[in-house]
Peer 1: 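Mind looking over this structure? Questions follow.
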Amino acid sequence: MAERRRVLLVEDDETIARAVRDRLAAEGFEVRVAGDGETALAEYGRAEPDLVILDRLLPGLDGLEVCRRMQAARPVPVLMLTALGEETDVLVGLGVGADDYLTKPFSMRELVARIHALLRRVERAGQLAAEDTVIRVGEVEIDTAARRVFVRGTEAQLTRTEFDLLRRLAERPGQVFERDRLLSDVWGFSEAAATRTVDSHVRALRRKLGSDVVRTVHGVGYALVRR
């Protein structure tokens with residue numbers, strides 16, 4: 001029998017926490033719940049979860065600081081929940097190590113789909129790590145085995161999702177990828193309402209690699225610029 005995947009849910013709203021915990025337990029996950037940042041960090045060290053669902057706004061330490069400390073201690077996939085719709089808040093969350101995000105209110109079906117997609121990407125990354133491949137596109141160098149990215153010789157710190165998105169674009173430099181295709185190829189699901197997720201991650205890539213690295217083709221999608 002396969003070992004149950006461990007999920008740490010960090011959410012101070014008891015109604016939301018109970019609903020998410022019950023749904024994930026029904027999906028076969030082992031779920032632990034923390035209602036504040038300090039408790040979350042202590043539970044993180046004890047449980048060593050496979051994935052963290054982390055609310056952006058928490059009493060005491062906020063979600064951003066909790067995410068930063070978790071990733072510094074032991075990198076883990078983080079799905080951030082936010083009631084904040086501002087793009088800058090999303091980018092800050094991605095910048096401290098969150099792999100993906102959902103804006104409240106969200107459907108349980110989409111939450112479960114995001115979790116499974118994140119875990120599949122972790123497994124796939126482990127398989128691809130055996131490959132010894134370096135991709136160079138212009139001034140960007142991607143070490144796929146070590147999952148490291150360099151721009152003009154300086155390393156850029158990318159999240160797991162940002163790396164996977166960049167790698168997919170770099171497999172065919174210059175080719176325009178539609179948002180729906182990127183959702184399917186990188187995130188592992190395709191939801192028309194979730195295409196904004198792609199946009200947010202592209203903006204995060206541009207902040208870290210340079211504004212001219214990824215080209216927008218309006219009404220279609222994105223392409224990695226070939227120089």
Side-chain angles (χ1 to χ4, degrees), residues 1-85 89-90 93-94 96-127 159-161 164 183-184 186-194 196-197 200-201:
M1 184 175 178
E3 183 180 353
R4 297 173 73 192
R5 294 298 191 98
R6 298 184 299 275
V7 173
L8 174 58
L9 169 62
V10 188
E11 170 62 66
D12 65 323
D13 185 310
E14 293 183 4
T15 300
I16 294 176
R18 188 180 308 111
V20 172
R21 181 198 62 201
D22 291 348
R23 177 58 184 268
L24 294 186
E27 294 284 336
F29 292 98
E30 178 185 324
V31 186
R32 298 197 182 192
V33 180
D36 61 77
E38 294 289 356
T39 303
L41 291 173
E43 193 65 41
Y44 182 73
R46 287 192 295 265
E48 296 189 347
D50 298 298
L51 181 141
V52 175
I53 303 171
L54 178 61
D55 189 22
R56 164 70 173 81
L57 297 176
L58 293 169
L61 289 177
D62 70 3
L64 298 179
E65 182 60 25
V66 171
C67 184
R68 186 181 293 109
R69 294 190 189 186
M70 285 180 174
Q71 298 294 22
R74 181 179 68 89
V76 67
V78 173
L79 175 62
M80 188 164 282
L81 305 179
T82 176
L84 304 174
D89 291 303
V90 170
L94 299 178
V96 298
D99 294 277
D100 204 354
Y101 70 93
L102 272 178
T103 302
K104 297 177 182 179
F106 53 84
S107 72
M108 289 296 177
R109 182 174 65 86
E110 184 175 3
L111 175 65
V112 171
R114 297 285 185 102
I115 290 171
H116 282 300
L118 260 177
L119 292 173
R120 282 196 301 270
R121 291 212 303 277
V122 172
E123 292 175 356
R124 189 164 64 243
Q127 296 166 357
T159 67
R160 182 177 290 101
T161 303
D164 292 340
L183 269 176
S184 177
V186 177
W187 278 262
F189 65 92
S190 185
E191 291 278 351
R196 187 183 173 199
T197 298
S200 297
H201 281 81

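The figures here come from the full heavy-atom set of this structure, side chains too, leaving out hydrogens, waters and symmetry mates.
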Peer 1: Would you find a donor on one side and an acceptor on the other, under 3.5 Å apart, between the side chain of Y44 and the backbone of R74?
Peer 2: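 Yes; judged by distance alone, with no hydrogens or angles, the pair exists.
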Peer 1: Is there side-chain contact between R32 and P49, with heavy atoms separated by less than 4.5 Å?
Peer 2: no
Peer 1: Between L58 and G35, which heavy-atom pair has the shortest distance, and what is it?
Peer 2: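 Residues L58 and G35, closest heavy atoms: CD2-O, 4.4 Å.
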Peer 1: Going from CZ on R69 to CG on L64, what distance comes out if it is rounded to the nearest 0.5 angstrom?
Peer 2: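 So the gap between those two atoms works out to 12.0 Å.
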Peer 1: Using the side chain to side chain contact (heavy atoms under 4.5 Å, CB included) rule, pick out the option among L54, T39, D55 that qualifies with V66.
Peer 2: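 Only one of L54, T39, D55 forms a side chain to side chain contact (heavy atoms under 4.5 Å, CB included) with V66, namely L54.
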Peer 1: Between Q71 (side chain only) and V76 (backbone N and O only), is there a donor and an acceptor less than 3.5 Å apart?
Peer 2: yes
Peer 1: What pair of heavy atoms forms the shortest contact from T15 to D13, and how long is it?
Peer 2: N-OD1, 3.0 Å
Peer 1: So if I apply the side chain to side chain contact (heavy atoms under 4.5 Å, CB included) rule between H201 and each of V186, D164, D100, D99, which one comes out positive?
Peer 2: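 Answer after filtering V186, D164, D100, D99: D100.
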Peer 1: Quick check: closest heavy atoms across A25 and R4, and the distance to 0.1 Å?
Peer 2: O-NH2, 4.3 Å
Peer 1: So do the side chains of R18 and V33 get within less than 4.5 Å of each other, counting heavy atoms only?
Peer 2: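 They are not in contact (no side-chain heavy atoms under 4.5 Å apart), so the answer is no.
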Peer 1: Does the side chain of E27 come within less than 4.5 Å of I115's, by heavy atoms?
Peer 2: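 Of all side-chain heavy-atom pairs linking E27 with I115, none is under 4.5 Å.
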Peer 1: Is there a side-chain contact between V31 and D22 in this structure, where contact means two heavy atoms from C-beta onward sitting under 4.5 Å apart?
Peer 2: no
Peer 1: Heavy atoms only: give me the nearest G45-E48 pair and the separation to one decimal.
Peer 2: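 G45 and E48 have their closest heavy atoms at O-CG, 4.0 Å.
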Peer 1: Check whether any side-chain heavy atom of L24 sits under 4.5 Å from a side-chain heavy atom of L9, and report yes or no.
Peer 2: no
Peer 1: Give, for atom CG of L8 and atom CZ of R46, the distance between the pair rounded to the nearest 0.5 Å.
Peer 2: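 With rounding to 0.5 Å, CG (L8) is 10.0 Å from CZ (R46).
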Peer 1: Distance check, rounded to the nearest 0.5 Å: E65 atom CD versus L41 atom CG?
Peer 2: 8.5 Å
Peer 1: So do E11 and V20 actually touch side chain to side chain, heavy atoms under 4.5 Å?
Peer 2: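 No. Closest side-chain heavy atoms not under 4.5 Å.
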Peer 1: Could you tell me if the side chain of V112 sits less than 4.5 Å from the side chain of R23, heavy atoms only?
Peer 2: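 They are in side-chain contact.
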Peer 1: How about Y101 and T161: do any of their side-chain heavy atoms sit closer than 4.5 Å?
Peer 2: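 Side chain of Y101 against side chain of T161, heavy atoms only: no contact under 4.5 Å found.
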Peer 1: Of the non-hydrogen atoms in T159 and A98, which two are nearest, and what is the gap between them?
Peer 2: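 Where T159 meets A98 most closely, the heavy atoms are CG2-O, 3.6 Å.
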Peer 1: For the atom pair CG (L61) and SG (C67), what is the distance rounded to the nearest 0.5 Å?
Peer 2: 12.5 Å
